[in-house]
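Note: hydrogens, waters and symmetry copies are ignored here, and every other heavy atom, side chains too, is used.
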There are 2 protein chains.
Amino acid sequence: MFNAIEEVRDRTHWLSDVDPLRHPGAPDARIAFSQRIVQTLDLVQSSAALQRRLVHAGDTIYQAGQAFENLHILSTGCAKIVSLSADGREQVVGFKFKGDWMGFDGIADACHRCDAIAMDTGEVWTIGYDALLAGCAKAPALLKLLHAAMSHEIAHDRDSLMSVCTLPAEARVADFLLQWVESMAKRGLRTDAITLKMTRAEIGNYLGMALETVSRTLSRLARENIIDFVEKGRRDLRIADPQALQGFVRRYGVV
Amino acid sequence: MFNAIEEVRDRTHWLSDVDPLRHPGAPDARIAFSQRIVQTLDLVQSSAALQRRLVHAGDTIYQAGQAFENLHILSTGCAKIVSLSADGREQVVGFKFKGDWMGFDGIADACHRCDAIAMDTGEVWTIGYDALLAGCAKAPALLKLLHAAMSHEIAHDRDSLMSVCTLPAEARVADFLLQWVESMAKRGLRTDAITLKMTRAEIGNYLGMALETVSRTLSRLARENIIDFVEKGRRDLRIADPQALQGFVRRYGVV
DNA sequence: CGTAATGTTGACATCACTCAAATAGGGTGG
DNA sequence: CCACCCTATTTGAGTGATGTCAACATTACG
């Protein structure tokens, strides 16, 4: 049922062409992504009335249970999306950055199913869903961007599931760092020093492991000189050896 | 950071109202869902040219790496969606049933990122994405249905992540069965006897555990008379005690 | 400067994986 | 219809990865 590794490799060659995001040396898609953000922000501004709001760490952008009316775009800053279950479990299902849309989860049932909470100072643009649809009717390019954003979110969520299901804990942390750097690179933000905006508990929750495991893994990566902690605080770090970090993921990936 | 259970419970009361799907005795949303399927199938048929195709277990509906051109709707049958990573891991990211859309993952990069493979005899409707958008321009209701479907998929993927990250293995299997029954109920299909169309390996991959763990858990549930295996074969089963099955999930859920 | 929140590290327990063997079922060809 | 093979499934035994608990260190913040 599940193919031999070589066979799978044959079938995944295309990934290097289509999704060079994870493959250094092919920055085309990164530039395309960066342009898409600019394009989105421009087009949204010109096509629909929007409300700008300055948010700070801890501010609620929307909340599970609220009636769905608006979509949101993070024009700058960083936010987390937390899903709640009926029996009280909570799960960080994603982190959002500059240019990301938020609130798609609410469309289906006209009610948000997650909390969106700012983790840093930033600006949120809020657009009425109906107004946005009206804008899309006039500017088809806007609709395409909207669909691309939703599609991207679906693909990303699946990548998360893949990571949690197929990688052991330490490799998931390494993969998380790689994705973080990639996210920054795609947005044209600095990648030489990265600042994790969230606690170990939030990372652990997102990756499906105990916060202690996150801490231990980061310590190990630092001990092996794959990452460096930058002076004070343990939230600022530098990827000293990206190759080794990738190796860390792959070593455990297939087995 | 993470609230006390009682506090979370307070905030999740709305779930019983908004999403009664998981709560027996409130079938409204199920009926709504069932109607949405009919509505979708009708509207799609009348709004855009579509191609019907009969598929059998094992047939490929679309494949990772293919250029994205079409969306698909499963009008009957059952399919699995398998995501592939660059380093050869593969992950079952979802199962699709009557009325489900497939192919959203391809919109963002104009290239599919998953395989979609039929697991049963059924019919697939294929619609050109551009033709569909043209249809949406004429029938705004179709666009709303499309967005609802994408939104639903995002919400579902997040539920999967929540399950994998917050529930121990046995509870995930129980939760999987509950979701399966709920999926059938929402579609108006029979729930007294359910037939798992996939192997233990596929269930285990989807739920992030070894196939042996799936098998052991099902055996345990049968031993405790929470489920029954229906005569020959171990793929046909009956939920003997839905309450106990829910209890099985909740018992381990919060801890 | 003191307190609470966050992060680190160690010791230990345990859940779930791996390996292995046996059984059952389904399909195929004689 | 039966014998056979091949895949799927079950079950057991042992191990290892990761969670839990606990103590301590560090940082952030009022």
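Residue B:G208 is in sugar-phosphate contact alone, with no base atom involved, counting any heavy-atom pair closer than 4.0 Å across all strands shown. Within the nucleic acid shown, A:L211 comes within 4.0 Å of at least one base atom, counting heavy atoms only. Contacts of B:R216 with the nucleic acid, taken as non-hydrogen atoms under 4.0 Å apart, include base atoms.
Under the 4.0 Å criterion applied to side-chain N and carboxylate O atoms, A:R216 and A:E212 are not assigned as salt-bridge partners. Remark: A:R251 does not engage A:E170 in a salt bridge, criterion side-chain N to carboxylate O under 4.0 Å.
If you take CG of B:D236 and P of C:dA24, they are 18 Å apart, rounded to a whole angstrom. Regarding A:L196, its CG atom lies at a distance of 13 Å from the C1' atom of C:dT6, rounded to whole Å. Going from atom CZ of A:R235 over to atom P of C:dA5 covers 14 Å, rounded to whole Å. Summarising the geometry, the separation between CE on A:M209 and P on D:dT18 is reported as 8 Å, rounded to the nearest angstrom. Atom NZ in A:K197 sits roughly 16 Å away from atom C1' in D:dT27 (whole-Å rounding). For B:R220 and D:dG12, the CZ to P distance is 14 Å, given to the nearest whole Å. The separation between A:L167 atom CG and D:dA17 atom P is 15 Å, rounded to whole Å. In this structure, B:L218 atom CG and D:dT9 atom P are separated by 10 Å, rounded to whole Å.
Considering every non-hydrogen atom in both B:L237 and B:L196, the closest pair reads CD2-CD1, 4.0 Å. Of all heavy-atom pairs spanning A:I227 and A:L218, the tightest one is CD1-O, 3.7 Å.
Contact annotation: B:S219 reaches the phosphate of D:dT11 (side-chain N/O to OP1 or OP2, under 4.0 Å). For the pair A:R200 and C:dT8, the criterion of a side-chain N or O lying under 4.0 Å from OP1 or OP2 is met. Taking 4.0 angstrom as the limit, A:S215 places none of its side-chain polar atoms (N or O) nearer than this to OP1 or OP2 of C:dG7. Between A:R234 and the phosphate of C:dT8, there is a side-chain N or O to OP1/OP2 separation shorter than 4.0 Å.
Looking at the side chain of B:T199, the nearest of the listed nucleotides D:dT9, D:dT10, D:dT20 is D:dT9. Among C:dC17, D:dT11, D:dT18, the nucleotide with an atom closest to any side-chain atom of B:E212 is D:dT11.
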Q: Please lay out, stage by stage, how A:T126 and A:Y62 fare under the test side chain to side chain donor-acceptor pair (under 3.5 Å).
A: CA-CA 10 Å; A:T126 298; A:Y62 62 83; over 6 Å; no
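Nearest-nucleotide assignment on DNA chain D puts the 5′-proximal partner with A:A169, out of A:G233 and A:A169.
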